[in-house]
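Lettering of chains follows the sequences in order, A, B, ..., and the numbering in each one begins at 1. What's counted below: heavy atoms across the whole structure, side chains too, no hydrogens, waters or symmetry copies.
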There are 2 protein chains.
Amino acid sequence: MARAPLSPDAVVDLALRIVDEEGPDALTLSAVAGRAGVATPSLYKHVRNLAELRVLVTGRVLGELTEVASEAVLGRSGDEALRALMDGWRSYAARHPNRYSALIQAPRPETAEAGDRLIGIILAALRAYGLEGSAAIHAVRCLRAAMHGFAVLEAAGAFQLAEDLDESHALLAHMVVSGLQTLPRTARPGPAA
Amino acid sequence: MARAPLSPDAVVDLALRIVDEEGPDALTLSAVAGRAGVATPSLYKHVRNLAELRVLVTGRVLGELTEVASEAVLGRSGDEALRALMDGWRSYAARHPNRYSALIQAPRPETAEAGDRLIGIILAALRAYGLEGSAAIHAVRCLRAAMHGFAVLEAAGAFQLAEDLDESHALLAHMVVSGLQTLPRTARPGPAA
DNA sequence: GGCCGTCGGCTAATCCTATTAGCCTATGAG
DNA sequence: CTCATAGGCTAATAGGATTAGCCGACGGCC
C-alpha cells in the first residue's frame, strides 16, 4: 500500500488529523512521523521544524475559517450577515474544537495574509452599518473578541451548565447587533459610504 | 544567602515570574529549578508534576483576577459595575499578558472553586439587570466570552492596527450594555428579583 | 546505455525536559 | 540520644526535537 507520497501539505493533513483526534498538545513530530509511516527526521525534508508545522496548521485552519465565514456572509447583509457570520464561526469551532484551539493567535508573517483575508470578511459583514475608518476597525475588533471568546470557551468546555448554548450565543449576537445599532458618539457612522 | 525555603507556594511564585518574563511556554520544571537554585527532581517534593504546577498557576491567576474583578464591582451597580468589571478584567490581562495566556481554560476540579468564585462576581455585576435563572447564565457566558476574547487577543498582540484599544474596548462594553438593555424575548428579566 | 544530481528516506548522535528511584543529612519530636 | 521525616541530591530512563551524514531510486542529459 503505497502510502501517498509525503509533501508539506500531506504533513499538515496528518497534523490536523492528530490535532482533531488527540488534541493540540499531541501534535508532535514523532506522532506525525508515526502516522506517515516514516522516521521522525524524515519530516524535516518537508517542514522546517515543529514550530513551522504549527504555523502551517494555523494557516490551514485560518483558511477553513475564512471559507466558512465567507459562505456565511455571501448574499446577506446587515444584521442577518452578522448573525450568519457569528453562527458560522461558532459552528466551525464547535465542529473542530481541537483544530480551533490549535490556532496560534500571535500574529506571524506567514499567516498574515490568511488573517487579513479573514478580517476582510468580517469587515464585509459589517458593511451595511456604514462604519467609517476607525469605527469599522473598532467594530471588527469587538466582533473578533466576541466570536473568538465564545469559540475558545466553548471549545475548552468552559461552559458547564446545562443551559442551551445556542441561546447564549444568540444573546451574544444580540449584544453585537444592538451595540452596532446604537453606536456611541465617537463611533457613529458617517455619510453613507 | 539562604534562599527562602521552597514550598508549593514558592514554586508557584517562581513559575509566575518565569511566565511573566519568558512566556507560558518557558514554564518548565528545569527553569523553575534553575531559579530556585535547586536540582530539577527536588521540585517533586513540592509539586506533583508539571501539569499540576500549571494548574496551580492557573489557580493563582484566577485568584488575582477574582480580586481585581471583585474590587471593580464593589460599590457599583448596573452599567457602571459592568463597565468597571470589563475594564478591570482587561487591564489585568494587559498588565500581565503572559500570565493571562497561561490560564488553562479547560475546567479542572482543582480550579473549579476559584472559577466559581469568579463567575459569582460576574453574576454580581449583572445583578442590577434583574436577570432570572437561565437568562443570567446566558448573560454571564456572553460577558465571559467578550472579556476573555478581547483579553486573549490583546495579550497575543492580535490587534495590530494603530487604532486606540481603549476605544475598541469601550465599544465592546457598549455592545454588552446595550444588548442587556434590550433583551430579546426569551431572556427578558422577570419580576424584580 | 551510462553518469550524475537531487529528492526523500534512514540511522546515529546530541540536547533537553519530565519523571522515578533510591540515597543522604539536618532537624525537631520524644 | 534516637529516629522519622522533610527536602535536597545523583543516577537513570524515556520521550521528543534537531542535526549530520549516508544512501538508494529516479529523471534528465550526454
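Here the nucleotide nearest the side chain of A:K45, chosen from D:dT18, C:dC10, D:dT10, is C:dC10. Listed nucleotides D:dA20, D:dT10, C:dT19 differ in distance to B:N49; the shortest reach to its side chain belongs to C:dT19. Of the candidates C:dA21, D:dA17, C:dA18, the closest approach to any side-chain atom of A:L50 belongs to D:dA17. Residue B:Y44 has its side chain nearest to C:dA18 when only C:dG9, C:dT11, C:dA18 are considered.
An OP1 or OP2 oxygen of D:dA6 is reached within less than 4.0 angstrom by no side-chain nitrogen or oxygen of B:H46. Close to D:dG7, at under 4.0 Å from its OP1 or OP2, lies no side-chain N or O of B:S42.
The distance between the ring centers of B:F159 and B:H169 does not fall below 6.0 angstrom.
Panel note: side chain A:S7, backbone A:A10; a donor-acceptor pair is recorded below 3.5 Å. Without hydrogens or angle criteria, A:R127 side chain to A:L123 main chain gives no donor-acceptor distance under 3.5 Å.
One atom, CG of B:L43, and another, C1' of D:dT10, lie 15 Å apart when rounded to the nearest Å.
If A:A51 and B:T40 are placed on DNA chain D by their nearest nucleotide, the residue sitting closer to the 5' end is B:T40.
A:L103 places none of its side-chain heavy atoms less than 4.5 Å from the side chain of A:V57.
Taking CG of A:D116 as the start and CD1 of A:I121 as the end, the distance is 12.0 Å to the nearest 0.5 Å.
Using the six-membered ring where Trp is involved, A:Y100 and A:H148 have ring planes that are tilted, between 30° and 60° apart.
Residues of residues 22-31 of chain A that place a heavy atom closer than 4.0 Å to DNA chain C do not occur.
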